[in-house]
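Following: one structure in structure tokens, then a few remarks.
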Amino acid sequence: MKYKAIIGLEMHCEISRTNSKVFSSASNSFNDCPNGNVRPLDMGFPGTLPVVNKEAVRKSIMMSLMLGCKVPEYLYFERKNYYYPDLPKGYQITQETKPAPIGIYGSLKYDCDGEYKEAFINNIHLEEDSASMDHMPGFSTIDYNRAGVPLLELVTEPCFHDSTEAMAFLETVRSIYRYADISEADSKKGQIRCDVNVSIMDADLEEVPENFGTKVEIKNVNSFGAVREAINYEIERQIKLKESGEYDSMSQQTRRWDEDTMTTVYMRSKVDAIDYKYFIDPNIPKIKLSSSWIDEIKASIPVLAHERKAKYMDEYGLSNYDATILVKEKNVSDYYEDTIKCGADPKSASNWISSVILGYLNKELLSIDDIYVTPSMLKDLIDMVQDGTISSKQGKEVLFKCLDENKDPKSVVEESGMKQIGSADEILKIVTEVLDENGDNIEKYKAGRTNVVDYLVGQVMKKTRGQANPGITRNMMIEEIEKR
Ligand code: ADP
Ligand code: MG
């Protein structure tokens, strides 16, 4: 039998750059020492009351709008009740689908290997993150700094069919988070975490929920690479169960992704499902989301990656390939745009960034924010190549030297004496000098030994330490001899 996989994603992403956590006055930052950024509310102490952070709500509404979701008229929060050490209050403040999360029923077009596909969003909701724990042999440590950090959970419909689609979707969403400055969306900082739901079905049947197989939810998939591995592994595992006849007795279950063994490991079955006893948090009044505020947020949505890409192709004449490379990371695209703002030619700027700078960053595992060479320095370099001050081969050497040694291109060119002498006036001065000193060679030339030109050009090169433009020098030399 042929099988088809059905995949739904739950993507958690922490909101960055709000002045405080979502319900407490502790700061929303990463650099503090463990447990150095905790207020009584984050610990669930009696008598504390949550205060909703407006910036977190604003960013959530913006994300909801960018995903084409419907924003509710009123903002509600609910309590999801369970106990675990990372949740000192004994409940998480979140938004269930009743009465209404910050976004419901949207869709998003995403580029999957050059083909546009559409993903369907069930909902996106705002909640608080839990504390983070580290498990050692025999004991665990806990850091409450993360407790209460604003977290958006995006739940898709089961609309993906393989890991390629799922990855392309996640990358698109991450890019939106970054371009709109909602989140740094950095999985290395633990800001993005995914749960992946996978089932398989008979490929010949119509793709409707009645024909879907039993879904398995995989928790703890904390990098995009792991999402790909976990999906591929789980599809294989389920197909094997199907082929060996064990699939039908499989209950709906929760598994977790294990990085060490690169397998999914059984955690619990649906029959042990926890009843979270959701109810509206009585400590947070419902908040009216005025339509004028929502309109204001809508109007402030910035230009996103796909729009920048279209501009690079239409206005700057870049190829699809080059434009795609430049918009992949927002900071690279910002750098590119700043270089153009400084006055650089868009096509040259694209070439220098893609061929030299990005290669260098890749090799050195650096980000474009880390380099000393600013957009305006890159513009200077491009100008020096374009006006013939240095050759493009020299330009590459200069740029690498600047990147390696934290220098600016203009001074590297000055110091190394690389500067090609291209101006006719300067070259004429030296040609005249050489001819004045070589009267005998002029006579030889006039007597038919035209190859003395090579010697005379060589003399100019010697005087300029190889910096005179050889083509111009040669022509000028012949012209000047003929005049004498
Ligand atoms: P639950 O009731 O277990 O929370 P939901 O229907 O709310 O399940 O869906 C949770 C996630 O599981 C969503 O991302 C959804 O797309 C996905 N999902 C639902 N059914 C399937 C299925 N048959 N196969 C794969 N994913 C599924
Ligand atoms: Mg949740």
Side-chain angles (χ1 to χ4, degrees), residues 3-13 63-64 67-69 78 80-82 92 94-108 110 117-125 127 151-170 172-173 192-203 205-222 224 226-228 230-239 241-242 247-257 264 266-278:
Y3 304 103
K4 184 194 237 179
I6 300 290
I7 299 155
L9 300 169
E10 294 164 81
M11 179 190 194
H12 295 84
C13 185
M63 194 62 196
S64 167
L67 295 170
C69 289
E78 289 170 275
K80 177 179 182 176
N81 297 283
Y82 65 97
Q92 179 193 29
T94 178
Q95 300 183 300
E96 249 288 280
T97 40
K98 287 163 273 171
I102 199 78
I104 196 156
Y105 303 143
S107 68
L108 182 70
Y110 64 99
K117 300 196 171 175
E118 188 167 25
F120 297 94
I121 315 295
N122 178 280
N123 77 84
I124 180 160
H125 56 267
E127 57 191 24
L151 190 68
L152 276 171
E153 179 175 349
L154 188 167
V155 183
T156 76
E157 300 292 356
C159 58
F160 307 101
H161 305 92
D162 54 38
S163 56
T164 310
E165 286 183 2
M167 295 291 289
F169 170 79
L170 290 174
T172 305
V173 175
I192 292 189
R193 281 157 269 149
C194 296
D195 297 336
V196 180
N197 300 273
V198 181
S199 65
I200 53 167
M201 63 177 281
D202 181 343
L205 294 178
E206 198 194 339
E207 196 180 310
V208 288
E210 300 84 84
N211 293 330
F212 290 175
T214 310
K215 80 164 188 185
V216 166
E217 178 175 359
I218 310 159
K219 294 214 170 274
N220 197 25
V221 198
N222 293 343
F224 284 7
V227 168
R228 184 196 291 118
I231 291 174
N232 292 344
Y233 176 86
E234 187 59 24
I235 294 172
E236 278 296 303
R237 192 186 71 85
Q238 291 184 19
I239 291 176
L241 287 179
K242 199 85 170 197
Y247 183 86
D248 291 334
S249 59
M250 184 180 90
S251 64
Q252 193 173 314
Q253 55 180 242
T254 303
R255 304 174 72 87
R256 71 179 167 82
W257 175 244
T264 62
Y266 178 86
M267 285 172 79
R268 57 178 180 262
S269 121
K270 192 76 181 176
V271 283
D272 316 314
I274 312 158
D275 178 357
Y276 294 114
K277 299 222 166 21
Y278 286 98

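Order of listing sets the numbers, starting from 1, for every ligand and every atom in it.
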Residues in side-chain contact (heavy atoms from CB on, under 4.5 Å) with R228, at least two apart? S163, M167, N232
Determine yes or no for a side-chain-to-main-chain donor-acceptor pair under 3.5 angstrom, with N197 supplying the side chain and I7 the backbone. no
Between H125 and E127, is there a side-chain donor-acceptor contact under 3.5 Å, judged purely by atom types and distance? yes
Distance under 6.0 Å and angle within 45° of ring axis: K117 vs Y110: no
Y276 vs E96 side-chain heavy atoms within contact, under 4.5 Å: no
Report all protein residues having a heavy-atom distance below 4.0 Å to some atom of ligand 1; order the list by chain, then number. I6, G8, L9, E10, V155, T156, E157, P158, N197, S199, F212, G213, K215, Q252, K270
Please lay out, stage by stage, how S269 and Q253 fare under the test side chain to side chain donor-acceptor pair (under 3.5 Å). CA-CA 4 Å; S269 121; Q253 55 180 242; over 6 Å; no
